[in-house]
Amino acid sequence: TRLASARLRCTFMAKSLNDHFANSILGRVGIVENAGAILVSQTCTARTLIELATAKAKGTLIIYDCCDPYADYEGSVYGVYAARRFWDLAALADAITVPTEGMRSLLRDLEIRKPVFILPDTIDYQEQTNQEPVAPNQSVIWFGNPGRGNFEAGAWALQALTERWCHAVTLITDPSKISTRPDCCVQPWAYDGFVNRLLLH
């Protein structure tokens with residue numbers, strides 16, 4: 001549950017397959033011997049890449065789920081050099097899935113000659129759904145991964161909300177990865193109870 005892409009693109013996908021196609025398809029997280037198809041999301045270790053190539057040689061279809069623009073990312077993600085692994089997976093895949101038309105256009109611009117299908121994200125925090133209305137208040141929450149400019153892109157708006165409209169600003173993120181003004185409250189993210197935390201602010 002630490003990574004949204006793992007939930008949205010793997011765990012929830014397997015659950016949906018099992019909920020809706022239980023009589024004909026079995027969705028599992030992890031590589032299973034004799035699988036008809038394996039979907040690998042984002043990136044993978046060298047060992048997993050070898051396992052995928054071995055499975056493909058035995059006739060398993062390989063689907064690369066690409067939901068971040070790693071092709072031009074000159075850095076590592078969890079110890080894996082992202083751009084190189086992107087090209088490894090794109091070459092190995094029989095098909096590629098992406099969450100948005102923008103990502104599909106990016107892959108077309110890279111002249112990747114594989115079928116690319118849009119598979120939108122599912123709803124996150126599914127079991128925490130709460131439809132109770134929340135009374136308006138003078139607080140704002142920014143939630144996300146601050147890396148790759150995500151926080152910096154909206155920092156000006158948060159500053160304006162604080163200075164011009166006197167809103168209390170809370171950042172829910174990894175406190176070790178962000179530095180901000182002292183008038184912002186920074187809280188660590190946790191999956192459990194996340195939706196109720198939003199409702200309390």
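- Across Leu52 and Cys44, no two heavy atoms sit closer than the pair CD1-SG, 4.4 Å.
- Two different hydrophobic clusters hold Tyr81 and Leu92 under the rule that ILVMFWY side chains link at heavy-atom gaps under 4.5 Å.
- Note on Leu89 and Val98: same hydrophobic cluster, where clusters join Ile, Leu, Val, Met, Phe, Trp and Tyr whose side-chain heavy atoms are under 4.5 Å apart, directly or indirectly.
- Aromatic ring pairs are classed by plane angle as parallel below 30°, tilted from 30° to 60° and perpendicular above 60°; the pair Tyr191 and Tyr125 is parallel.
- Between the CG atom of Leu39 and the CG atom of Leu61 there is a distance of 11.5 Å, given to the nearest 0.5 Å.
- Shown here are the salt bridge (Lys or Arg N to Asp or Glu O under 4.0 Å) partners of Glu101, two or more places apart in sequence or in another chain: Arg104, Arg108.
- Phe12 approaches Ile123 most closely through the heavy-atom pair CE1-O, 3.5 Å.
- The minimum heavy-atom distance linking Thr60 with Asp94 is given by the pair O-OD2, 4.1 Å.
- Across all their heavy atoms, Ser5 and Ser41 have their closest contact at O-OG, 4.5 Å.
- Annotation: the span from Arg85 atom CZ to Ser76 atom OG amounts to 11.5 Å, rounded to 0.5 Å.
- Ala82 and Tyr73 make their closest contact through CB-CD2, 3.6 Å (heavy atoms, listed as atom of the first residue, atom of the second, distance).
- Counting all heavy atoms, side chain and backbone alike, Thr100 lies closest to Met103 at OG1-N, 3.1 Å.
- Here the straight-line distance linking atom CG of Asn130 with atom CD of Gln128 works out to 10.0 Å at 0.5 Å rounding.
- Asp68 places no side-chain N or O within 3.5 Å of a backbone atom of Tyr70 that could act as its donor or acceptor partner.
- With hydrogens and angles ignored, the 3.5 Å screen pairs a side-chain donor or acceptor of Asn150 with a backbone N or O of Asn145.
- Distance check: Ile112 CD1 to Cys66 SG gives 7.0 Å after rounding to the nearest 0.5 Å.
- More than 12 heavy atoms of other shown residues, nucleotides or ligands fall within 6.0 angstrom of atom NZ in Lys114.
- Of the possible donor and acceptor atoms, none in the side chain of Asp65 sits under 3.5 Å from a partner among the backbone N and O of Val40.
- Within a 6.0 Å radius of CZ in Phe143, more than 12 heavy atoms belonging to other residues, nucleotides or ligands are found.
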Candidate pair Trp142 and Ile172, rule side-chain contact (heavy atoms from CB on, under 4.5 Å), full reasoning: CA-CA 6 Å; Trp142 181 91; Ile172 298 180; over 6 Å; no
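- Heavy atoms of other residues, nucleotides or ligands lying less than 6.0 angstrom from CD of Gln131 number 12 at most.
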Does the pair Asp124 and Arg7 meet the rule for a salt bridge (Lys or Arg N to Asp or Glu O under 4.0 Å), with working shown? CA-CA 8 Å; Asp124 207 352; Arg7 293 191 303 274; 2.7 Å; yes
